[in-house]
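The sequence lines fix the lettering, A, B, ..., with proteins before strands; numbering per chain opens at 1. Bear in mind that the values here come from a model prediction, so they are computed numbers and not experimental data.
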2 protein chains.
Amino acid sequence: MTVTNDDSAQYLIRTVSKRSGVKSDLVRAWERRYQAVTPTRTSGGHRVYTDQDIARLKLLNQATSNGHSIGQIAQLSLDDLKHLLKDETSSTNQSLSSSPISLTSGDKRHLAEDYSDKCYAAVLAFDAQLLESHFENAIVELGSEAFIEHLLSPLLTKIGERWKTGELRPVHEHMTSSVIRSLTYILRNNNPCPENAPRMIVSTPIGQLHELGALLAAIMAELCGWQVTYLGANLAAEEIAAAVKYTNACALTLSISFATDDHVVAKELRRLKKLVGNHVSLIVGGRAAGHFQSVLNEVGVMNIQSYTHFKQLLNQLATDYKATENKQLQ
Amino acid sequence: MTVTNDDSAQYLIRTVSKRSGVKSDLVRAWERRYQAVTPTRTSGGHRVYTDQDIARLKLLNQATSNGHSIGQIAQLSLDDLKHLLKDETSSTNQSLSSSPISLTSGDKRHLAEDYSDKCYAAVLAFDAQLLESHFENAIVELGSEAFIEHLLSPLLTKIGERWKTGELRPVHEHMTSSVIRSLTYILRNNNPCPENAPRMIVSTPIGQLHELGALLAAIMAELCGWQVTYLGANLAAEEIAAAVKYTNACALTLSISFATDDHVVAKELRRLKKLVGNHVSLIVGGRAAGHFQSVLNEVGVMNIQSYTHFKQLLNQLATDYKATENKQLQ
DNA sequence: CAAACCTTTACAAAACATAGACAAAAATTA
DNA sequence: TAATTTTTGTCTATGTTTTGTAAAGGTTTG
C-alpha cells in the first residue's frame with residue numbers, strides 16, 4: 001500500500017467533490033478564500049487534486065459540521081485536523097486536567113485493565129454514578145478507541161460471564177446498559193459523521209432482551225465512521241426492516257446473547273432477510289450467536305467472531321459501499 | 001497541570017453556546033462585564049473560542065445554577081471552579097421549585113411548540129440525527145426545565161397518541177427513546193446532584209416495553225435533585241426490588257403505558273410492594289396507569305396525574321426524606 | 001460540439017458585533 | 001419593613017462578517 005503524495009493520483013474537481021462530500025463550487029470557494037487546498041493545474045488551467053487533498057477536504061467537512069468555522073481551520077495541517085477531530089472527545093468532557101501525552105499501547109492496556117477492574121467493582125456494587133465517573137475518566141485517558149477495545153469490550157464479556165454464573169443479576173446488566181447509553185453522547189462527538197457515510201441499523205431481535213452487545217456494536221460502528229441508528233432491544237422483524245427502509249441503511253447488525261430453544265430467533269432472522277432483501281448486509285454477533293449457526297448460514301449473515309473481526313468487517317463494508325456508490329454516480 | 005495544546009480547536013460563539021449550555025448573548029455579557037472568557041477575534045471581529053473556554057463556561061454555568069453569583073466567580077481559574085463544584089455537595093434542589101418563570105413563559109411556550117413540531121417531524125421522518133440536533137438546540141434555548149415541561153413532555157404524549165392511531169410504528173418510539181437517552185448526559189450535566197440526595201429507581205414492569213414515560217420520569221426526577229438510577233424497560237419485580245435494595249432508594253417510579261388484560265402488571269405490582277416494603281414510596285404513572293386503578297389503590301401507590309403533580313410529588317417526597325434523615329441524625 | 005471547468009461578480013441567509021435599554025432578583029440602606 | 005441600588009439575564013435595533021450558492025461569460029477537454 002503506497003501513500004501517494006506524488007503525481008500518480010490525480011483527480012478533477014468533480015471526483016474530488018463526490019469523494020469528499022464537498023460541492024465543487026464550495027471547494028473552489030474554500031480555495032479562493034482560505035487556501036484550504038492548493039491543487040496544481042493542467043496546462044489548460046483545470047484544477048488537479050491529490051488523494052491528500054481529498055482527505056483534507058473530507059476532514060474539513062467533518063470539522064465544520066462539528067461546529068468549527070471553516071475560516072478558522074482551513075489552513076491547518078492534515079495532522080492538526082485529524083488531531084482536532086480525534087480530541088473532540090476529551091475536550092467535551094470536563095476533566096481537562098489529564099495530560100494529553102500519548103501513551104504507548106502497552107501502558108494503555110495496563111491502564112485499561114485497571115479501569116476495567118474499577119468499573120466491574122462499580123457494577124457489582126450497583127453504583128451507577130461511580131460507574132459513569134470511571135467511564136468518563138477512562139474515555140479521557142484512553143481515548144475512545146482504546147476505551148472501546150481494551151475496556152468496554154472485555155468488560156461486557158466479563159459481565160456476560162458473571163451473569164451466567166449468577167454473580168450478577170439481570171438488573172446489573174440493565175443498569176450498565178443505561179450508563180453506557182448515556183455515554184454514547186460523548187463518544188459520538190468524537191466522530192461527526194459526514195453526510196455520505198454508510199448507514200447502519202443496530203438492534204436485537206424479539207426475545208433478545210440484552211442490549212449490551214448491541215450497544216457495543218453501535219458504538220464501534222460509529223467510531224468506524226458509520227452513521228448508526230440504534231434502536232434498543234427486542235424488536236420485531238417488520239420494525240427493524242422498516243427502520244432499514246426509512247434510513248436507507250446498507251447494513252444491519254443484530255446482537256444475540258441469549259440462547260433460546262424456541263424458534264423465535266430463527267424465524268425472525270428468516271423474516272428479516274426476506275424483508276430487507278439482498279442489498280443490505282446482515283451482521284450478527286453476540287455470545288449466543290453460535291447457537292443459531294445453522295440459521296445464520298442458511299440466511300447468509302456475517303457472523304462476528306471477535307472485536308477485530310467486526311472492525312475489519314465494518315471497514316470492508318464501508319469501502320465496498322463507497323465503491324458501489326461512486327459507480328452509481330458516474 | 002495546565003493543558004495548553006489545541007490552539008487548533010477554534011469555535012465560533014454558536015458552537016460554544018451549544019456545548020456549554022450558555023446562551024450566546026449571555027456569553028458576550030459575561031465577557032463584557034466580567035471578562036469571564038477572553039476569546040481571540042477573527043480579522044472581521046468574530047469571537048473565536050478554545051475548548052478550554054467551553055469547559056470554563058460549562059463550569060460557570062453549573063456554578064451559577066448552584067447559587068453562586070457570576071460576578072464573584074467569573075474570574076476564578078479552571079481549577080478553582082472545579083474545586084468549587086466538587087465541594088458543592090450540599091446544593092439545595094432549587095432547580096425546579098424556585099423558578100416559576102412567569103415573565104417569558106408565554107414566549108417559551110411558543111418557542112417550545114415550534115420545536116415540538118420540528119421534533120415530531122424528525123421522528124416521523126425517522127431522522128435520528130436531526131431529532132438530536134433539534135433537541136440540543138432546544139435545551140440551550142429553553143433551559144432544561146422548560147425543555148422538559150413544554151417540549152419533551154407534550155412531545156411524548158403526542159408520540160403515544162400517534163402510535164395508537166397507527167401513524168407511528170413501534171420502531172419510531174424505539175428510535176426516539178434512544179436519542180433521548182443519549183441526551184440525558186447533557187441534561188444531567190447542568191444539574192450536578194449532591195451526595196445526600198434522595199435516591200430513586202425508575203423502570204417499567206414486565207410486559208411494559210415502552211420506556212419513553214419512564215425516561216421522562218427519570219429526567220424530571222434528576223432535575224428535581226434526585227439521584228436517579230434508570231433501569232430501562234421490562235424488568236421483573238425481583239430485579240427492581242434488588243435495585244432498590246442495592247441503592248437504598250427511598251422511592252420507586254414505574255411507568256405503565258400499555259393497557260393489558262392479563263394480570264401480569266397487577267401481579268408484579270403486588271409482588272413489588274411485598275418485596276420493597278412500606279418505607280419505599282411507590283409511584284406509578286403513564287398513559288395506561290388508570291387501567292389498573294384498583295390494583296394501584298390496593299397496593300397503595302401514588303398515581304401520577306400530570307406533569308405538575310409529579311413535580312409536586314417529587315418535591316414533597318424529597319423534603320419528607322430530608323426531614324426523616326435529619327431526625328435520624330440527631 | 002457538448003460537457004465540464006474556469007474566473008469574476010453578486011447575492012442572500014445565517015450568524016456575529018456593538019450599544020443601549022429594561023425588568024426581575026438580590027443586596028443594601030434607610 | 002420599605003425604599004434604594006446593584007446585579008444579572010434578556011431583548012431590541014442596527015450594521016457587519018461569514019459562507020454557501022448561483023449567474024454570466026469565456027476556455028478546455030474529449
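- Taking atom CD of A:Q72 as the reference point, atom P of C:dC16 lies 12 Å away to the nearest angstrom.
- Taking only side-chain nitrogens and oxygens, A:S69 never comes nearer than 4.0 Å to OP1 or OP2 of D:dT18.
- Note: NZ (B:K23) to C1' (C:dA15) measures 17 Å, nearest angstrom.
- Residue A:S24 is classed as having no contact, given no heavy-atom separation below 4.0 Å to the nucleic acid.
- The nearest whole Å value for the distance from the CZ atom in B:R32 to the C1' atom in C:dA19 is 8 Å.
- Among the atoms of the strands shown, only primed sugar atoms or phosphate atoms (P, OP1, OP2) are found under 4.0 Å from some heavy atom of A:T42.
- A donor-acceptor pair under 3.5 Å is formed between the side chain of B:S178 and the backbone N or O of A:Y230.
- For B:R28, a side-chain nitrogen or oxygen approaches OP1 or OP2 of C:dA17 to under 4.0 Å.
- Ring geometry for A:Y246 against B:H172 counts as tilted: the plane angle lies between 30° and 60°, on a 0 to 90° scale.
- A close approach under 4.0 Å does occur between a side-chain nitrogen or oxygen of A:Y34 and OP1 or OP2 of D:dT19.
- Heavy-atom minimum distance, B:L151 versus B:C119: CD1-SG, 4.3 Å.
- Between B:G45 and A:D25, the one whose closest nucleotide on DNA chain D sits nearer the 5' end is B:G45.
- Computed from coordinates, the A:R47 CZ to C:dA4 C1' distance equals 13 Å when rounded to whole Å.
- Checked by atom type, the side-chain pair A:D53/A:Y11 shows no donor-acceptor distance below 3.5 Å.
- Rounded to whole Å, atom P of C:dC16 lies 7 Å from atom NE2 of B:H46.
- The separation between B:W30 atom CH2 and C:dA17 atom P is 17 Å, rounded to whole Å.
- Distance, B:R14 CZ to C:dA15 P: 6 Å, rounded to whole Å.
- A donor-acceptor contact under 3.5 Å links the side chain of A:R33 to the base of D:dG20.
- The shortest distance between the side-chain N/O atoms of B:S43 and the OP1/OP2 oxygens of D:dT17 is not below 4.0 Å.
- In this structure, B:R41 atom CZ and C:dA17 atom P are separated by 6 Å, rounded to whole Å.
- Between B:F135 and B:Y115, the distance from one ring center to the other does not fall under 6.0 angstrom.
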